[in-house]
Amino acid sequence: MNILENLNSQGLFLVSSTVILLIIIFFLYKTYRSSINVEARLAEFSSLTDNRFGRKLRLIEVNADEFKLNKQVLGPLARIIDEYCVMTTDDHGTITFANHKFLSLSGFNFNELIGRPESINFPEQDDLADARMESQHARQGVWNGEVCNRRQDGSLYWMNIFIFPLSYISDEDQGYICFGTDITHIKAQNNELKQAVRDQEQKISEVETLLLHSEKMASLGTISAGIAHEINNPIASLASNLNRCQEYLQALASITEGLRKRISDEKFRQFLETGNLPVNREDKLDFILADYPELMAETHDGIDRIKKIIRDLKHFSRNKDEDFSPVDLARCVDISLNLAHHELKHRIAITRYFAPDLPTINGSESQLAQVLMNLLVNAAQAIEGEGEIVISATADDKWYQLTVKDDGPGIPAETLAQIFEPFFTTKPIGQGTGLGLSISQDIIKRHGGTMSADSSAGKGTTFYIRLPLDRNGQSSHAA
C-alpha cells in the first residue's frame, strides 16, 4: 500500500508541474508577442517622426493598451492620453503625436498626421481663421479656447482645448501639447439656441414696431374726427361761396344774352373788340357761356365728395364704445367704397349683387364699414393691373350673408390658414401691419357672426361674412 501511495503522489506531482510549466510558457509567449507588437507600433511611429517626447507618449499609450497597465501608475500623462484628445507639435508646428481619440475624431490615421504641419487640421473657411487650433496660441503660456478643425473628409468639428509649451512638463523637449474634448454637438446646440434667440429678438422688434404703428394709427383715428370737423368749416364756406358765384355768373350770362338780343351783331362785336374787355372775341364769349355750367357742376361734385369723405371718416374713426343700432349693410358698403376709392379708381371694377328688400342688422355701422374697407383694400392691393371685385348679399330667416370676391392671384393653402392670425402679413415690412384681417374677424365675432375665406393660388379669393338678424340677448354695444 505504501508503495502504491508513493507512486500516485509522484504521478500527481509530475502532472501538476507539467501544467504549471505550460501556463508559464503560454504567458511568456503572449508577453513576447505583445512586446513584438509594441515594438512594431513604436517602430512605425519612429519612422514618421524622431521627436523624443512624441515617442514617450506613444510608448505610454501602446504599453497601457497592450499590457492593461494601471494608468494611475503611469502618471498624469497616461490619464490625459486616455481621457482626452491629445496632439503634440514641435516648435515649427509639425505634428509629433496624436492619440487614438484624436485620430478617431479627426478621421486621419498616423501616416496622414504624424510629421505633417498642423495646418492639415485647419478649416478652409476664411471666417473660421480665428478659430484654428494653432500651437502658437500658447507662445506666451497656457491657452484655452474653442477651436474648429477639419476632418479628413472635409467636414468640421469643434473642440474645447488647452495648449501649453512642452517645457512645462519636460526639461529636454521643445514644442507644444494640446488636449481637449469634442464639443461639436454642444456647439451646434448653442448655435441653434443663439439663432432662436436672434429670431425671437427680431420677432419682438417687429411686434414692437407693429404695435407702435398701431398706436400711431389709433392716435390718428382719434384726432381724425377733429381734423375732419376743422376741414368741414372751410368746405362749408367754399360751398356757400361757390353757390353764390354760380348765381352771379348766371346773372351775368343772362345780361350778356339780353345785350346781344338788343343790339346788332356788328355793334356787339365792336363792343367786345373796343371795350378793353378780357374777352375780345365773340367765339371766346360763346365758349365761356357754354363751359362755365359744366365747370361749376364738376366743382360742386368735388366739394360734395370731400364732404362725403369727411363724413365717412368721422364715422369710421369713432373709437369709443358704440351702442348697437339698426344698420343697413348696403350703406356700409357705400362708405367703404368711398374710403377705398384711392385704391380702386381707374383699375378695379366693382360689381354689386344685393337681393331685394334686405333687412337691417343690429350692430355698429362704423366697425362693419371698417371690416369691408379692409377687405376691399386688401383685394385691390393683391390684384396686379386691372381686376374686378364682386360684392353680393343675401339673407334668410336667421342670417345675413355677405361675400366679397376678387379675381386676384389667390392665397396658397399654407398661407390661407394663417391670414387671421395677429401680425401675420405677406406684405413687405412697412406696407402692412398684419392686423387688418385679425381685427376684422374680431369685429364680426363681437357682432355674433363668423368670417371665413376660401382661396387657392391663381383662382382669386372669397371672404364670407355671416351676421345674425337677431342678437338673442347678446351685448348691446360694440366694444
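On a predicted model such as this, the values are computed, not experimentally measured, just so you know.
No donor-acceptor distance shorter than 3.5 angstrom exists from the side chain of Arg466 to the backbone of Gln401, with no hydrogens or angles considered. Remark: the backbone N or O of Asp334 is not paired with any side-chain donor or acceptor of Asn338 at under 3.5 angstrom. The closest donor-acceptor contact from the side chain of His447 to the backbone of Ser364 lies under 3.5 Å. Without hydrogens or angle criteria, Arg151 side chain to Leu105 main chain gives a donor-acceptor distance under 3.5 Å. Not a single donor-acceptor pair under 3.5 Å links the side chain of Thr94 to the backbone N or O of Gly115. At least one donor-acceptor pair under 3.5 Å links the side chain of Ser106 to the backbone N or O of Phe102. Remark: side-chain polar atoms of Glu118 are paired, donor with acceptor, to backbone N or O of Ser135 under 3.5 angstrom. Side chain of Asp406 to backbone of Ala380: no donor-acceptor contact under 3.5 angstrom is found. Thr184 places no side-chain N or O within 3.5 Å of a backbone atom of Tyr157 that could act as its donor or acceptor partner.
Going from atom OG of Ser104 over to atom CG of Asp182 covers 11.5 Å, rounded to the nearest 0.5 Å. Leu337 CG to Met373 CE: the interatomic distance, rounded to the nearest 0.5 Å, is 11.5 Å. Of the inter-residue distances, the one linking Arg331 atom CZ with Leu368 atom CG reads 12.5 Å to the nearest 0.5 angstrom. Here the straight-line distance linking atom CD1 of Ile389 with atom NZ of Lys405 works out to 13.0 Å at 0.5 Å rounding. Going from atom CD1 of Ile161 over to atom CE of Met133 covers 5.5 Å, rounded to the nearest 0.5 Å. For the atom pair Arg352 CZ and Ile391 CD1, the distance stands at 6.5 Å (nearest 0.5 Å).
Between Gln195 and Asn191, the side chains place no donor N or O within less than 3.5 Å of an acceptor N or O (distance only, hydrogens not considered).
Put simply, the residue from Asp91, Thr88, Thr96 that forms a side chain to side chain contact (heavy atoms under 4.5 Å, CB included) with Tyr176 is Asp91.
Pairing each heavy atom of Ala138 with each of Ile163, the nearest pair is CB-O, 3.3 Å. The minimum heavy-atom distance between Ile120 and Glu112, with the atom names listed, is CD1-O, 3.2 Å. Closest heavy-atom contact between Val327 and Cys332: CG1-SG, 3.5 Å. Taking each heavy atom of Ile95 and Thr89 in turn, the nearest pair found is CA-CG2, 4.1 Å. Considering all non-hydrogen atoms of both residues, Ser336 and Leu376 come closest at CB-CD1, 3.8 Å. Nearest heavy atom pair, residue Pro409 against residue Ala382, reads CD-O, 3.1 Å.
Under the 4.5 Å side-chain criterion, counting only non-hydrogen atoms from C-beta, Leu372 is in contact with Leu402. Between Val404 and Thr461 there is no side-chain heavy-atom pair separated by less than 4.5 Å. At least one side-chain heavy atom of Pro468 sits under 4.5 Å from a side-chain heavy atom of Trp399. A heavy-atom distance below 4.5 Å is found between the side chains of Leu128 and Trp158. Annotation: side chain of Leu113 is not in contact with side chain of Met87 (no heavy-atom distance under 4.5 Å). Residues Asn109 and Gln152 fail the side-chain proximity criterion, which asks for heavy atoms closer than 4.5 Å. Residues Pro123 and Arg132 form a side-chain contact, since some pair of their non-hydrogen atoms from C-beta on lies under 4.5 Å apart.
Atom CG of Asp153 has more than 12 heavy atoms from other residues, nucleotides or ligands within 6.0 Å. Counting non-hydrogen atoms of other residues, nucleotides and ligands closer than 6.0 Å to CG of Asp396 gives a total above 12. With a 6.0 Å radius and a threshold of 12 heavy atoms from other residues, nucleotides or ligands, Tyr400 has its OH atom above the threshold. By the neighbour-count criterion of 12 heavy atoms within 6.0 Å, atom CZ of Phe122 is densely surrounded, having more than that number from other residues, nucleotides or ligands.
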Step-by-step side-chain contact (heavy atoms from CB on, under 4.5 Å) determination, Asp407 to Ile383: CA-CA 7 Å; Asp407 60 355; Ile383 296 173; 3.6 Å; yes
I'd like to know whether Phe97 forms a side-chain contact (heavy atoms from CB on, under 4.5 Å) with Ile177, so could you lay out the CA-CA distance, the side-chain angles of the two residues, the decisive distance to 0.1 Å, and finally the verdict. CA-CA 9 Å; Phe97 172 76; Ile177 180 172; over 6 Å; no
Report the C-alpha distance between Ile444 and Val371 in whole Å, list the side-chain angles of each, state the deciding distance to 0.1 Å, and finish with yes or no for side-chain contact (heavy atoms from CB on, under 4.5 Å). CA-CA 8 Å; Ile444 297 301; Val371 171; 4.2 Å; yes
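A salt bridge is absent between Asp199 and Lys203; no separation between the charged side-chain nitrogens and carboxylate oxygens falls under 4.0 Å.
Ring pair Phe164/Phe179 is perpendicular by interplanar angle, where above 60° counts as perpendicular and below 30° as parallel.
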